[in-house]
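For reference, the structure is listed below as structure tokens.
Numbers here are sequence positions counted from 1.
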Amino acid sequence: MSRLTAESRTLSTSVFFAAVVLCVSFVRHGECQTTPLPLTPCSAHKNCDTCVPHAKCLWCFTTNNCTEYPVSWLLPPASVCQLSQARWGVCWLNFEALIITLAVLGGTILVSIAVCCCCCCCCRKRRSRPDRDEERFAKRREEIKQRAEERKVERMARHDEIRRKYGLIGDSDHPYSKFENE
């Protein structure tokens with residue numbers, strides 16, 4: 001039990017350390033820019049390939065123009081562009097498919113984490129205490145051993161009684177005592 005606890009603490013510490021290293025590696029002080037790049041308005045882009053690499057821009061195939069992404073909304077409203085015609089990030093993937101894909105991936109990851117947590121908790125419970133069946137079998141095994149021992153003692157007592165009856169076991173201390181009375 002203590003070995004399992006020590007292993008889980010080591011694993012937790014390792015995961016925490018790995019997360020810290022990842023966070024620190026993504027933020028490097030030497031690569032931070034302090035001077036802003038000259039801002040190009042989204043309307044200046046004339047095709048999808050030049051518009052979507054900018055995170056603040058959204059390309060609409062219905063109107064064939066590049067507009068600012070409405071950051072006040074989570075999803076662009078239909079007045080700006082329909083979701084099936086909107087492109088953001090890449091031109092070959094519409095916004096509807098992007099949202100569905102991300103939702104499915106996120107759901108799959110959450111379900112996987114939940115299943116792993118449940119499996120780990122169930123495995124720990126099974127390892128920490130014996131199963132009811134195992135307890136019942138151990139108790140029955142002990143009862144059988146106890147009855148067998150009682151029967152053995154009874155059998156030995158009967159055998160000794162028969163030996164005494166026929167004179168095979170003498171009452172004296174030495175084995176030749178039955179020959180002395182003759």
Side-chain angles (χ1 to χ4, degrees), residues 1-140:
M1 179 77 179
S2 63
R3 190 179 130 227
L4 182 65
T5 307
E7 287 177 1
S8 64
R9 285 183 186 157
T10 305
L11 180 64
S12 299
T13 306
S14 299
V15 168
F16 177 74
F17 182 69
V20 168
V21 168
L22 275 174
C23 289
V24 169
S25 67
F26 284 132
V27 179
R28 294 188 182 175
H29 299 290
E31 295 179 5
C32 294
Q33 284 185 333
T34 56
T35 57
L37 293 173
L39 299 174
T40 308
C42 291
S43 57
H45 302 290
K46 298 300 178 197
N47 62 14
C48 181
D49 293 326
T50 59
C51 176
V52 294
H54 303 285
K56 62 180 179 136
C57 298
L58 173 77
W59 181 262
C60 184
F61 272 112
T62 342
T63 59
N64 278 334
N65 67 351
C66 187
T67 59
E68 287 243 357
Y69 188 87
V71 291
S72 59
W73 298 86
L74 181 60
L75 301 175
S79 61
V80 174
C81 190
Q82 293 179 352
L83 287 180
S84 61
Q85 298 299 316
R87 303 294 191 264
W88 181 76
V90 288
C91 289
W92 54 269
L93 181 65
N94 69 30
F95 213 88
E96 238 175 6
L98 179 68
I99 292 169
I100 292 170
T101 304
L102 290 177
V104 167
L105 286 174
T108 304
I109 290 170
L110 288 176
V111 167
S112 300
I113 290 171
V115 166
C116 288
C117 289
C118 288
C119 288
C120 289
C121 291
C122 291
C123 290
R124 284 186 185 162
K125 284 181 182 177
R126 285 186 194 144
R127 289 181 190 152
S128 66
R129 63 175 173 82
D131 199 329
R132 288 182 185 173
D133 292 336
E134 289 177 16
E135 288 177 359
R136 192 174 64 226
F137 290 139
K139 185 178 179 181
R140 188 166 179 189

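Evaluation of the side-chain contact (heavy atoms from CB on, under 4.5 Å) rule for S72 yields no partner, not counting sequence neighbours. Annotation: side-chain contact (heavy atoms from CB on, under 4.5 Å) contacts of H45 (sequence neighbours excluded): T40, T50, C51, H54, C57, C66. N65 meets the side chain to side chain donor-acceptor pair (under 3.5 Å) test with T63; sequence neighbours excluded. Taking the side chain to side chain donor-acceptor pair (under 3.5 Å) definition, one finds that N64 meets it with nothing, sequence neighbours left out. The side-chain contact (heavy atoms from CB on, under 4.5 Å) check on I113 picks up I109, C117, with sequence neighbours excluded. In terms of the side chain to side chain donor-acceptor pair (under 3.5 Å) criterion, S43 has no residue partners (sequence neighbours excluded).
Residues V80 and T67 have side chains in contact (heavy-atom distance under 4.5 Å, counting atoms from C-beta outward). Put simply, the side chain of L98 does not reach to within 4.5 Å of the side chain of N94, judged on heavy atoms. Using a 4.5 Å heavy-atom cutoff, the side chains of F95 and R87 are not in contact. Proximity of W88 to W59: side-chain heavy atoms (C-beta onward) are nowhere separated by under 4.5 Å. Side-chain contact check for T108 versus V111: every heavy-atom pair is 4.5 Å or farther apart.
Among all heavy-atom pairs drawn from P53 and C48, the shortest one is CD-O, 4.3 Å. Across every non-hydrogen atom of Y69 and P76, the tightest pair is OH-CD, 3.6 Å. Closest of all the heavy-atom pairs between C42 and K56 is SG-O, 3.9 Å.
Atom CD1 in I100 sits 9.5 Å away from atom CG in L83 (nearest 0.5 Å). To the nearest 0.5 Å, atom SG of residue C81 and atom CZ of residue F61 are 9.5 Å apart. Rounding to the nearest 0.5 Å gives a distance of 10.5 Å between CG of L58 and CD of E68.
Within a 6.0 Å sphere centred on CD of Q85, heavy atoms belonging to other residues, nucleotides or ligands number more than 12. Residue L110 places its CG atom among more than 12 non-hydrogen atoms of other residues, nucleotides or ligands, all under 6.0 Å distant.
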